Amino acid sequence: LSGTEPLVMAEVPQLAINPETGWTFETWIRLNGLPTESAYLLNQATEDSQLSLVLDGGTLRATYNDVEVSSFTPMVAAQWHHVALAISAGEMQLYLDGKQVGGAAVEAAPMAGPVIVGGSADGEGLLAADIDEMRFSNVMRSADWVAFSAEVQGANGDRVLSYALDEASGESGEKQIGNFGIIFQNVFGKPEAIVEQLVIVLCGLMMLASFVIMFVKSVELSKAKKVSQDFLKAFGSVGNDSDDMRALQVAKKQFGDSPLWRVFRIGFDEINRRVSPSVGAQAAGLDAKSMSVVRASMDAAMVRESQKLNSKLVLLTIAISGGPFIGLLGTVVGVMVTFAAIAATGDVNIATIAPGMAAALLATVAGLGVAIPSLFGYNWLSSQAKEVGADMQVFADELEARFNEAYGA
């Protein structure tokens, strides 16, 4: 408002005063200086009624016909103030900075006509000031409404909204915890997210089973490799004498966890059954047919040992291939439910969509959380099992040669 001419708003139904529903005027104003004469902030007049907001120096005054209400709190120049005037069929209330500063009983009548801001129709009472957030409402706003508007729009609006510690912190780690808390709340705090809940629980059980399998198999394979190395040292130190080999055969307590020892025991048992004790191993000898049977027994033992080494690893392959698909199922269903809720309510905004979408995507994260560790664990364990299997194959060839040398015909 320049102070040289008022702002005139033409007559429209939205600006008319209906006493039955009430009427409210709100604005922010900053005076360039305290007016030395009466100046109009608002003026509306008909043939029968007149409503005005007048500034006399720093005093704010509202008049409706012959009823007048004055503010007991003065306004200050060069400072923003929130001003509101509310009228109903039986009362008029004046507010300054969110607080009611005056009120009176009035017999309001319907009013319709141009609304003049910053002066009067005849150009008198011009006001020089800055105005902002000017609002007309066709209802009488409550005192709480006016107080909230003044608080949230003013310089202290941040007091209306407070943040939890994890959200207000500038630390990225704490903020991530708060974000995931929102996601988990939208998954496990809503009954309609039952599919996502089941998927996440199932993926959690699969992840737990995968970690147990990886731990047990890693311990088993590590022990098998260590004991097999000890057995190979002991086997390399003995000769072809049957007594020395028999000593190794019965050393179950020492070498029982070695797949190589178990292959050796089966092969040596086959040799003992075919060698005549009355004549002696060197004298009797074994033909090629008998040695092929011994080799077949060792091959069968190696197959069974390989099966033991790779046992339960198939569960890891199931987790690798099935986990992402189970998580994807939960995500797709979650997205469908989110869009169905949007279609039912018609409320399309990011605050409505984002939590549901994030909760749905949590199911995919759970599936990947199962598959990724299982993939690395499976590759490492299978390589260890193959290494032990290769050691068995090499040992079986060496053992066959030793048997041919010691017991062959």
Side-chain angles (χ1 to χ4, degrees), residues 171-184 186-188 193 195-232 255-263 301-335 357-396:
E171 297 293 335
S172 59
E174 293 185 0
K175 187 175 182 181
Q176 289 297 322
I177 294 174
N179 292 338
F180 274 101
I182 294 173
I183 295 173
F184 276 101
N186 279 274
V187 173
F188 294 99
V195 175
E196 295 99 307
Q197 294 172 13
L198 292 176
V199 167
I200 293 173
V201 170
L202 178 59
C203 289
L205 294 176
M206 292 175 63
M207 181 183 296
L208 178 62
S210 298
F211 277 106
V212 170
I213 291 171
M214 287 188 286
F215 175 76
V216 172
K217 293 301 295 184
S218 62
V219 171
E220 179 183 329
L221 289 171
S222 298
K223 191 173 184 179
K225 289 182 64 176
K226 181 180 182 303
V227 178
S228 294
Q229 291 174 358
D230 296 339
F231 170 72
L232 286 176
F255 303 117
D257 293 321
S258 171
L260 278 63
W261 177 82
R262 291 192 287 269
V263 171
M302 285 191 293
V303 171
R304 288 191 291 270
E305 293 297 330
S306 296
Q307 290 174 341
K308 291 180 182 179
L309 292 173
N310 291 280
S311 64
K312 299 182 180 65
L313 292 184
V314 66
L315 297 178
L316 296 182
T317 62
I318 293 174
I320 294 169
S321 58
F325 284 102
I326 294 175
L328 182 61
L329 172 64
T331 296
V332 172
V333 173
V335 171
M357 297 294 289
L361 290 172
L362 184 62
T364 297
V365 173
L368 293 176
V370 173
I372 293 174
S374 299
L375 176 63
F376 288 111
Y378 173 78
N379 288 334
W380 185 80
L381 292 173
S382 61
S383 66
Q384 298 297 306
K386 288 179 181 178
E387 184 176 341
V388 176
D391 290 340
M392 280 194 300
Q393 185 66 46
V394 173
F395 173 74

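The shown structure was predicted, so the numbers you read here are calculated from the model rather than taken from an experiment.
- Of the residues listed (Arg262, Lys223, Lys226), the one engaging Asp257 in a side-chain hydrogen bond (donor to acceptor under 3.5 Å, both in side chains) is Lys223, and it is the only one.
- Taken to the nearest 0.5 Å, the CD1 atom of Ile213 stands 11.5 Å off from the OG atom of Ser218.
- With values rounded to the nearest 0.5 angstrom, Leu361 atom CG is found 10.0 Å from Glu196 atom CD.
- Applying side chain to side chain contact (heavy atoms under 4.5 Å, CB included) to Leu232 and the options Phe395, Trp261, Phe255 leaves one that passes, Phe395.
- Here the closest non-hydrogen pair linking Leu309 and Met392 is CD1-CE, 4.2 Å.
- A donor-acceptor distance shorter than 3.5 angstrom exists from the side chain of Thr331 to the backbone of Thr364, with no hydrogens or angles considered.
- To the nearest 0.5 Å, the span separating CG on Leu368 from CE on Met207 amounts to 9.5 Å.
- Nearest heavy-atom pair, Val195 versus Gly330, reported as atom, atom and distance to 0.1 Å: CG1-CA, 4.4 Å.
- The CE atom of Met302 sits 12.5 Å away from the CD atom of Gln307 when rounded to the nearest 0.5 Å.
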CA sep, side-chain torsions, deciding dist, call: Gln229, Ser258, side-chain contact (heavy atoms from CB on, under 4.5 Å): CA-CA 9 Å; Gln229 291 174 358; Ser258 171; over 6 Å; no

side-chain contact (heavy atoms from CB on, under 4.5 Å) between Lys312 and Val216, worked out: CA-CA 10 Å; Lys312 299 182 180 65; Val216 172; 5.9 Å; no

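- Nearest heavy-atom pair across Met214 and Leu381 is CA-CD1, 3.9 Å.
- Between the side chain of Ser228 and the backbone N or O of Lys225, no donor-acceptor pair lies under 3.5 Å.
- For the pair Cys203 and Val199, the minimum side-chain heavy-atom distance is below 4.5 Å.
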With a 3.5 Å cut-off and sequence neighbours excluded, list the donor-acceptor pairs that the side chains of residues 373-380 form with protein atoms.
{"from": "Ser374", "atom 1": "OG", "to": "Ser210", "atom 2": "OG", "distance (Å)": "3.2"}
{"from": "Ser374", "atom 1": "OG", "to": "Val370", "atom 2": "O", "distance (Å)": "2.7"}
{"from": "Asn379", "atom 1": "ND2", "to": "Leu375", "atom 2": "O", "distance (Å)": "3.3"}

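- Proximity of Val394 to Asp391: side-chain heavy atoms (C-beta onward) are nowhere separated by under 4.5 Å.
- Taking every heavy atom of both residues into account, Lys217 and Asn310 meet most closely at NZ-N, 4.5 Å.
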Verdict with supporting geometry, Leu315 and Ile318, side-chain contact (heavy atoms from CB on, under 4.5 Å): CA-CA 5 Å; Leu315 297 178; Ile318 293 174; 4.3 Å; yes

